[in-house]
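Written below as structure tokens is the structure these notes are about.
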Amino acid sequence: MPELPEVETVRRGLEPVMTGQRIAKADIRREGLRWPFPENMTARLEGQRVERLRRRAKYILVDLDGGESLIIHLGMSGRMLISDGDDLIKHDHVVLDMENGVRITFNDPRRFGMMDLCATEALDEHRLLKDMGPEPLGNAFDAKYLGERLKSRKMPIKSALLDQKTVVGLGNIYVCEALWRAHISPTQKAGDISTKKMSRLVPTIRDVLTEAIDSGGSSLKDYRQADGELGYFQHSFAVYGREGEPCKAADCGQNIARIVQSGRSTFYCPKCQK
DNA sequence: AGACGTACCTGACCGC
DNA sequence: TGCGGTCAGGTACGTC
């Protein structure tokens with residue numbers, strides 16, 4: 001899926017076409033995705049005016065004027081596409097026609113995505129959101145917090161950063177990229193990372209995510225921005241998907257390696273990352 | 001509490 | 001062309 005930069009890019013794409021508009025028609029085309037959709041979803045969406053779109057972690061939150069918010073997660077393969085009423089295609093699961101004639105279509109082949117409705121003021125207690133760690137681009141995420149949180153943790157730093165309770169928004173790509181930039185081995189035990197490295201890691205995570213957002217996210221497979229444009233941060237990957245290719249650090253000469261950690265590929269430079 | 005593995009899905013790609 | 005195996009941007013949940 002879409003990690004934080006891709007989700008934020010989608011949010012920014014939807015914002016101008018949805019904000020202030022009423023949902024004229026909601027077409028819920030199956031019972032659910034990963035889980036069943038909420039009760040009476042169609043009725044709870046139709047006629048609602050969108051007040052604003054926010055992002056928390058990898059979730060898009062659509063605040064409606066009736067006091068509820070639509071929670072959207074794109075899973076691994078979810079996309080939000082904007083059109084003026086295109087014919088439906090395979091895996092179009094939810095179609096929202098706005099009063100301005102814009103159609104928002106949620107398409108998700110693997111159906112790992114999620115949607116739910118929740119009172120806006122109770123979002124912090126929603127089961128999907130309540131245990132989330134801090135936003136990586138927010139003030140609460142700093143070296144002190146991260147050090148405390150990971151103190152005495154035995155799991156590899158790669159796994160610790162993928163855990164959304166540690167910090168939200170990172171996924172397999174950006175964890176690999178951030179660890180390479182910070183010269184930290186993905187296999188290092190999280191609790192063993194020095195304070196010095198920890199203080200290097202935090203700004204590195206912020207930088208890689210910020211740069212990716214500025215590039216419109218990364219387009220792999222069929223991920224696209226809401227307007228159909230491709231992001232281009234994938235051209236900036238230093239390690240992700242580059243097994244066997246030379247490390248991009250000047251004078252390194254080592255090739256990028258791939259290992260598997262808790263069932264997922266990790267790409268790193270064995271020479272630069274200790 | 002923390003650290004695992006498993007499950008949920010479809011589609012693309014590779015080797016035979 | 002077809003078939004089986006592998007892999008993919010995520011995360012909740014069960015079990016030890």
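Throughout, protein chains are lettered first and strands after them, A, B, ... in sequence-line order, and every chain is numbered starting at 1. Since this is a predicted model, take the numbers as computed values, not measurements.
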Which whole-number value in Å describes the distance from Asp163(A) CG to dT11(C) P?
10 Å
Nearest to the side chain of Pro109(A), heavy atoms from C-beta on, is which of dT11(C), dG11(B), dA8(C)?
dG11(B)
NZ/Lys248(A): more than 12 non-hydrogen atoms of other groups inside 6.0 Å
yes
Sort and list the pairs that fulfil salt bridge (charged side-chain N to carboxylate O under 4.0 Å, His left out) and have at least one residue in residues 250-266 of chain A, not counting sequence neighbours.
Glu243(A)-Arg258(A)
Could you check whether any side-chain heavy atom of Ile104(A) comes within less than 4.5 Å of a side-chain heavy atom of Leu81(A), counting everything from C-beta outward?
no
Round to the nearest Å and state the distance from Leu74(A) atom CG to dG10(C) atom C1'.
11 Å
With respect to the phosphate group of dT11(C), does any side-chain polar atom (N or O) of Gln164(A) fall under 4.0 Å of OP1 or OP2?
yes
OP1, OP2 of dG10(C) versus side-chain N and O of Arg264(A): anything below 4.0 Å?
yes
Classify the ring geometry of Phe106(A) against His93(A): parallel below 30°, tilted from 30° to 60°, perpendicular beyond 60°.
tilted
If I take atom NZ in residue Lys130(A) and atom C1' in nucleotide dT11(C), what distance separates them, rounded to the nearest angstrom?
14 Å
Under 5.5 Å centre to centre and under 30° between planes: does that hold for Phe112(A) and the six-membered base ring of dT11(C)?
no
Touch check for Arg34(A), heavy atoms < 4.0 angstrom, all strands: base, sugar-phosphate only, or nothing?
base
Starting at CH2 of Trp35(A) and ending at P of dC8(B), how long is that distance when rounded to a whole Å?
13 Å
Would you classify Ser159(A) as touching base, sugar-phosphate or nothing, given that sugar-phosphate means primed atoms plus P, OP1 and OP2, and contacts are heavy atoms under 4.0 Å?
nothing
Does dG11(B) have its OP1 or OP2 closer than 4.0 Å to a side-chain nitrogen or oxygen of His91(A)?
yes
Can you work out whether Leu128(A) or Arg110(A) has the more 5'-proximal nearest nucleotide on DNA chain C?
Arg110(A)
For DNA chain C, report each stem as range with range, ordered by first number, or say none. Use Watson-Crick or G-U wobble pairs under 3.5 Å, at least 3 in a row.
B:2-8 with C:10-16, B:10-16 with C:2-8
Phosphate OP1/OP2 of dA8(C) contacted by Ser265(A) side-chain N/O (<4.0 Å)
yes
Just by modelled atom types, is the Pro270(A) backbone N or O under 3.5 Å from a matching donor or acceptor in the Gln254(A) side chain?
no
Any salt bridge linking Arg22(A) with Asp65(A)? Criterion: basic side-chain nitrogen under 4.0 Å from a carboxylate oxygen.
yes
Across the strands shown, which category fits Tyr59(A) at heavy-atom distances under 4.0 angstrom: base, sugar-phosphate, nothing?
sugar-phosphate
Round to a whole Å and report the spacing from CZ of Arg79(A) to P of dT10(B).
17 Å
Within the structure, does a side-chain N or O atom of Lys90(A) lie under 4.0 Å from either OP1 or OP2 of dG11(B)?
yes
Expressed as a whole number of Å, how far does the P atom of dA1(B) sit from that of dT11(C)?
22 Å
Nearest whole Å is fine: how far is dG10(C) C1' from Leu170(A) CG?
13 Å
Compute both the distance and the angle, then confirm whether Arg127(A) meets the cation-pi test with Trp35(A): under 6.0 Å from the six-membered ring centre, within 45 degrees of the axis.
yes
Between dT11(C) atom P and Asp131(A) atom CG, what is the distance in whole Å?
13 Å
Same-atom distance (P) from dC9(B) to dC3(C), integer angstrom
23 Å
Taking only side-chain N and O atoms of Lys154(A), does any of them lie within less than 4.0 angstrom of OP1 or OP2 on dG2(B)?
no
Rounded to whole Å, NZ of Lys158(A) lies from C1' of dA3(B) at a distance of 16 Å
When all nucleic acid strands are considered with a 4.0 Å heavy-atom cut-off, which category describes Tyr174(A): base, sugar-phosphate, or nothing?
nothing
Is a salt bridge present between Glu6(A) and Lys58(A), judged by a nitrogen-to-oxygen distance below 4.0 Å?
no
Side chain of Arg111(A) only, heavy atoms from C-beta on: which candidate in dA8(C), dG10(C), dC9(B) is closest?
dC9(B)
Please determine if Asp97(A) and Arg103(A) form a salt bridge, counting it only when a charged side-chain N lies under 4.0 Å from a carboxylate O.
yes
